[in-house]
Amino acid sequence: MPDFLSFPPGFIWGAATSAYQIEGGWNEDGKGPSIWDTFAHLPGKTYHGATGDVAVDHYHRWKEDIQLMKSMGLRAYRFSVAWSRVLPKGIPQQINLPGLDFYERLVDELLANGIQPLLTLFHYDLPQVLQDQGGFSTRDTACYFGDYAAILANKLGDRVSSWLTINEPMVFAADGHLSGEHAPGLKDIQSAIASIHFQLLGHGLAVQAIRSAISRPVSVGIALNLNPVYPASQSDEDIQAAILYDCLLNRSTLDPIFLGKYPQELLNLIGLLLPPMEADDLKVISAPIDFLGINYYTRSVIKNEPGIPFVELVPILPPGNVYSQMWEIYPQGIYELLTQIQKDYHPAQIMITENGVPAGDDIDLDDKVRDVRRIQYLQDHLIQVRKAMGEGVPVTGYLVWSLMDNFEWAHGYRTRFGLVYVDFDTLKRTVKLSGEWYRQVISSNGFAPKAFYIEPDL
Ligand code: FCB
C-alpha cells in the first residue's frame, strides 16, 4: 500500500440523497401524493411510524444544504426529483410549475457554487395516481416515465449534464412488490416481476427521451444496487444457489441493459410469470448508456435451503464477520464486483453512485460527531475502488450515501448515514468528523491510508 493513495485528476467526489428521504414539504405548492406518502402514513409500516412529511426539511433549507456541500468541497451532488412534485398526476398533461421551479432553483444554485448536479428521475416515490392504475407493473407507467423524463430534460438539459433514470429497480421490485416492506407494500410475485421489466422499459424510454430533448452531449445512466455473491460453502448445492441468487439480484437487470436479454436461468425459473412483452422492448432497454451507476453496500453469502419455496436458497450472515446496523461490512466486495462487471459487461464508464454505512452516531458535548467507523468504512472502500481502477476499471467518480442523515425508508430515523448530522427535532445540521475527513480527501484528491478504528474482537 503506498503512503498516499491518489486519484486521477478530475475524479468526481460527491454525495447523494433522494427526494422523499430529505425534502419534506410533502403536500406543498401543488405536489401530488407519492406512494411513499401513502405508505408511511399507514400504521405499522415504518419504525415508530416515521414519515417523510418533514424529513430533514430540505425543501425549505436547500440553500443552507448547498452551503454545507460547498464547505466540504463537494464537486458533485446526486439528488432525485419527486415525480409527483412536477407531475402531481404522473401524466404529462398537468405540469406543476412551482415543483419544476424548485428543481431549477436547486440546479442553478448548485452550479453557482461549483457543484455538478447529477439528477435521478425516479427513486422509489411513484405518484400515487399511477400506482392506483397498476404502477410500474404496467406498460403505461413505463410510457409516462418517458414523458416525464422529456419534461425534465427539456427544462434542465441545458444545465444538467449527468442523468440517472431509475434508482435500484430490483430493490423497488423486491421490497415494494414482493416482501411489502417498502411502498407500495405489495406481496405479489407477478407484479414484482412485471415491475422489473417495466422499470427497465421506462429506463430505456427515458434514455431515448433525454437524448432527443438535449442536443449537447450529456451522460445518461442508471443506478443499480449490486452485491457480489458468494456460496456459503464449496458444496455443489451452495455454488448453484449462489449462481441463481446472482442471477436474481444482479444479472436480472445487468443482462437486459448490457446484453439485451434476460438470463436463461431466470427465464427457466420465472419465465411464465413475465408480463407480455413487445417485439422491441429489449432493444429499447439495451440502448447504450454512458455510465453505469453502482450502489454498493455489502455482499451476499448464499446457502442452498430446499425448504424455501421456489428458489430453495437463503442468504446467511457468516458469524465472526463485521456488521453494521443493516449489513455485513465487506470492502473487498466492491473491488470484486467492479472487476467482474468490467469483465462481463464493459460499461463505458462507472460511477459509484452510493456507498456508505449506517451508524449510531451521537453528538458529543462539544458539538462534534466522532463517526470514526464511517471514516474507516469509506476509506477501506475507496482503497478497493482505487485498486480496481488501477486494473483498468473505468470508475469516474464516487458519491457517499449520504450527504446528511435522513429518512431511511422502513427504518425511519433509526439509522444515520450522513456526512452531516441532523438533529431530527431541531433540524440543525452539524458536519461530522467523516465530513471533515472527506473535505481533506477531496482537496488533496486522495488520502494516506491509516487505521482510524479497530473493530473490537473479544
Ligand atoms: C439504497 C437506497 C438509498 C438508501 C440506501 C441506504 O438502497 O438507494 O435510498 O436507502 O440504500
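Each ligand, and each atom within it, is numbered from 1 in the order the structure gives.
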Value rounded to 0.5 Å, distance of OG1 in Thr298 from CD1 in Ile329: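 With rounding to 0.5 Å, OG1 (Thr298) is 8.5 Å from CD1 (Ile329).
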
message: Within this structure, what is the CG-CD1 distance for the pair Leu244 and Ile302, rounded to the nearest 0.5 Å?
response: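 It comes to 9.5 Å.
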
- prompt: When you measure from the centre of the six-membered ring of Phe11, is the NZ or CZ of Arg386 under 6.0 Å away and within 45° of the axis?
  reply: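 Here Arg386 fails the 6.0 Å and 45° test against Phe11.
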
query: If we only count N/O pairs under 3.5 Å, is Asn225 in contact with ligand 1?
result: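 Looking only at distances, the answer is no, because the N/O contact criterion of under 3.5 Å is not met.
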
query: Polar-atom distance check: His123 versus ligand 1, any N or O pair below 3.5 Å?
result: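 Indeed, backbone or side chain, His123 has an N or O that close.
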
Using a 4.0 Å cutoff against the non-hydrogen atoms of [X], which atoms of ligand 1 qualify?
| X | value |
| --- | --- |
| Asn167 | 8 (O) |
| Tyr124 | 2 (C), 7 (O), 8 (O) |
| Phe417 | 6 (C) |
| Gln21 | 3 (C), 4 (C), 9 (O), 10 (O) |
| Trp409 | 3 (C), 4 (C), 9 (O), 10 (O) |

query: Can Arg373 and Glu455 be counted as an ion pair, charged N to O under 4.0 angstrom?
result: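 Salt bridge: yes.
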
Who's the nearest protein heavy-atom neighbour of [atom], and how far?
| atom | result |
| --- | --- |
| atom 5 (C) of ligand 1 | Tyr297 OH, 3.2 Å |
| atom 3 (C) of ligand 1 | Glu354 OE1, 3.5 Å |
| atom 7 (O) of ligand 1 | Glu168 OE1, 2.6 Å |

task: Using the salt bridge (Lys or Arg N to Asp or Glu O under 4.0 Å) rule, collect all pairs that involve residues 401-410, keeping only residues at least two apart or in two chains.
output: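 Output for this query lists Asp405-Arg416, Asp405-Lys432.
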
- prompt: Please, which pairs that meet salt bridge (Lys or Arg N to Asp or Glu O under 4.0 Å) have at least one residue in residues 62-76, sequence neighbours excluded?
  reply: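 Residue pairs with at least one partner in residues 62-76: Asp65-Arg429.
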
- prompt: Are Gln384 and Asp380 close enough, and set up right, to give a side-chain hydrogen bond (donor to acceptor under 3.5 Å, both in side chains), and what steps lead you there?
  reply: CA-CA 7 Å; Gln384 299 293 331; Asp380 292 351; over 6 Å; no

message: Is it the case that over 12 heavy atoms from other parts of the model lie below 6.0 angstrom from the NZ atom of Lys155?
response: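 Yes, NZ of Lys155 has more than 12 neighbouring heavy atoms, counting only those of other groups under 6.0 Å.
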
field: Sub-4.0 Å heavy-atom contact, Met326 with ligand 1
entry: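 No, Met326 has no heavy atoms under 4.0 Å from ligand 1.
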
